[in-house]
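These figures come from a predicted structure and were not determined experimentally.
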2 protein chains.
Amino acid sequence: MSQETMLRSIRKQLHDGGYKLTPQREATVLVLLENEKDHLSAEEIYMLVKQKSSEIGLATVYRTLEMLTELKIVDKISFNDGVARYDLRKEGAKHFHHHLLCLECGSIEEIEEDLLVEVEKVVEKNFNFEVTDHRLTFHGVCGACRENKSK
Amino acid sequence: MSQETMLRSIRKQLHDGGYKLTPQREATVLVLLENEKDHLSAEEIYMLVKQKSSEIGLATVYRTLEMLTELKIVDKISFNDGVARYDLRKEGAKHFHHHLLCLECGSIEEIEEDLLVEVEKVVEKNFNFEVTDHRLTFHGVCGACRENKSK
DNA sequence: AAGACAGATTATAATGATTATAAATAAAGG
DNA sequence: CCTTTATTTATAATCATTATAATCTGTCTT
């Protein structure tokens, strides 16, 4: 889906939620669209928006991200490094994607495929818990780092 | 395993790692042992240690927890609420246990059973990623809350 | 167009969690 | 004992995030 289409869809979602797409909010969403692969922190998003010549305050970025999280347009994740990171939820994705965190180089890869369908069935049945979402991160060593080490 | 035994084992692990079990460190570990079911934050641990009449500084709690994390005696988790929480790693447990976070009441349940054995095999094979550990939290509604709501 | 209102934004201050620093204390080794 | 080193403490500093109050924007009303 093109960024144009995404943006239109997001504008609609904001409206339905009773918010409007102000220039600052639009700039924030655009930065998220342009950096889909990264896992940006609020501070990083703030910097990137300012670089695009759009004026914005840090507090606005936080408020916008909170709103987008509430609308389930973005997902908020914390790894164990003390900053929250934000990620566009893929259109139509019913589940939160998984992450592969390399302990050597710190890179974060994504897994789109939902690996937890069966596991969630087990949880619902055995633990009497209604699952609505999940956070799954694997810690380990990525292919590139293993290759470097073996040399 | 009894707390005595646990404590002895932990003392040994500290020694092997080149640290000693000072009174403050012992008090911290004891609080963790006595509250295995909870997911305590540094601040909470600090309070609990002081209640046991043991004098300690907050910074020492942080340093001790960092050390215990490094030695893999405790695990550090962040949910999305801005505080880090610490959990004793069960003796012999090779994997990090899973969590069930209830979005209604905020309660955190634990799952000891490793539900990811198969999933990790898939990850190693399909994504060329060597998995050493994982973090898995399910978000949803616990049995108690569902019961309350249906009334 | 002027006034009034709600919603947004901004700069700034405040808070909360965590980490760094420097001085004091305790422990270990000779 | 004396010296050296590790540890703790109190405090200050830092970093991420949230609250506040003033200002601004746009829209509606007349």
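Here the C1' atom of nucleotide dT9(C) and the CG atom of Leu21(A) are 15 Å apart, to the nearest Å. In this entry the distance linking CD of Glu55(B) with C1' of dT8(D) reads 11 Å, nearest Å. If you measure from atom NE2 of His15(A) to atom P of dG26(D), you get 14 Å, rounded to the nearest angstrom. With rounding to whole Å, Ile45(A) atom CD1 is found 10 Å from dT17(D) atom P. Rounded to whole angstrom, the span from the CE atom of Met67(B) across to the C1' atom of dA6(D) amounts to 12 Å. For the pair Asp81(B) CG and dT15(C) C1', the computed distance is 16 Å after rounding to whole Å. For the pair Tyr19(B) OH and dT5(D) P, the interatomic distance rounds to 18 Å; values are reported in whole Å. Per the geometry, CG belonging to Asn80(B) stands 16 Å off C1' belonging to dT18(D), to the nearest Å.
Between Thr60(B) and dT7(D) there is no side-chain N or O to OP1 or OP2 distance below 4.0 Å. An OP1 or OP2 oxygen of dT8(D) is reached within less than 4.0 angstrom by a side-chain nitrogen or oxygen of Thr22(B).
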Seminar exercise, completed: In B/S/- notation (B base, S sugar-phosphate only, - none; protein heavy atoms under 4.0 Å), nucleotides 25-30 of chain C written 5' to 3' is ---S--
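By the 4.5 Å heavy-atom criterion applied to side chains, Leu115(A) and Leu116(B) are not counted as neighbours. Contact annotation: the side chain of Arg63(B) approaches that of Glu66(B) to within less than 4.5 Å [non-hydrogen atoms, C-beta and beyond].
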Interface polar pairs with nucleotides 18-21 of chain C, N/O, under 3.5 angstrom:
residue	atom	partner	partner atom	Å
dT18(C)	OP1	Ala84(B)	N	3.1
dT18(C)	OP2	Tyr62(B)	OH	2.3
dT18(C)	O5'	Tyr62(B)	OH	3.2

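Not counting sequence neighbours, the partners of His39(B) by the ring pair (Phe, Tyr, Trp, His ring centres under 6.0 Å) test are His99(B). When the side-chain contact (heavy atoms from CB on, under 4.5 Å) test is applied to Gln24(B), the partners found at least two apart in sequence or on another chain are Thr22(B), Ile56(B), Thr60(B). Residues passing the side chain to side chain donor-acceptor pair (under 3.5 Å) test with Arg135(B), sequence neighbours excluded: Asp133(B).
Linking Ile, Leu, Val, Met, Phe, Trp and Tyr whenever their side-chain heavy atoms come within less than 4.5 Å leaves Val83(A) and Leu101(A) in two separate clusters. Grouping the Ile, Leu, Val, Met, Phe, Trp and Tyr side chains by contacts below 4.5 angstrom, directly or via other members, places Leu48(A) with Ile73(A).
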Problem set entry | Trace of the salt bridge (charged side-chain N to carboxylate O under 4.0 Å, His left out) decision for Lys121(A) with Glu124(A) | CA-CA 5 Å; Lys121(A) 281 185 199 154; Glu124(A) 303 238 348; over 6 Å; no
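Each side chain to side chain donor-acceptor pair (under 3.5 Å) pair with one or both residues in residues 25-36 of chain A, not counting sequence neighbours, appears once here: Glu34(A)-Lys52(A).
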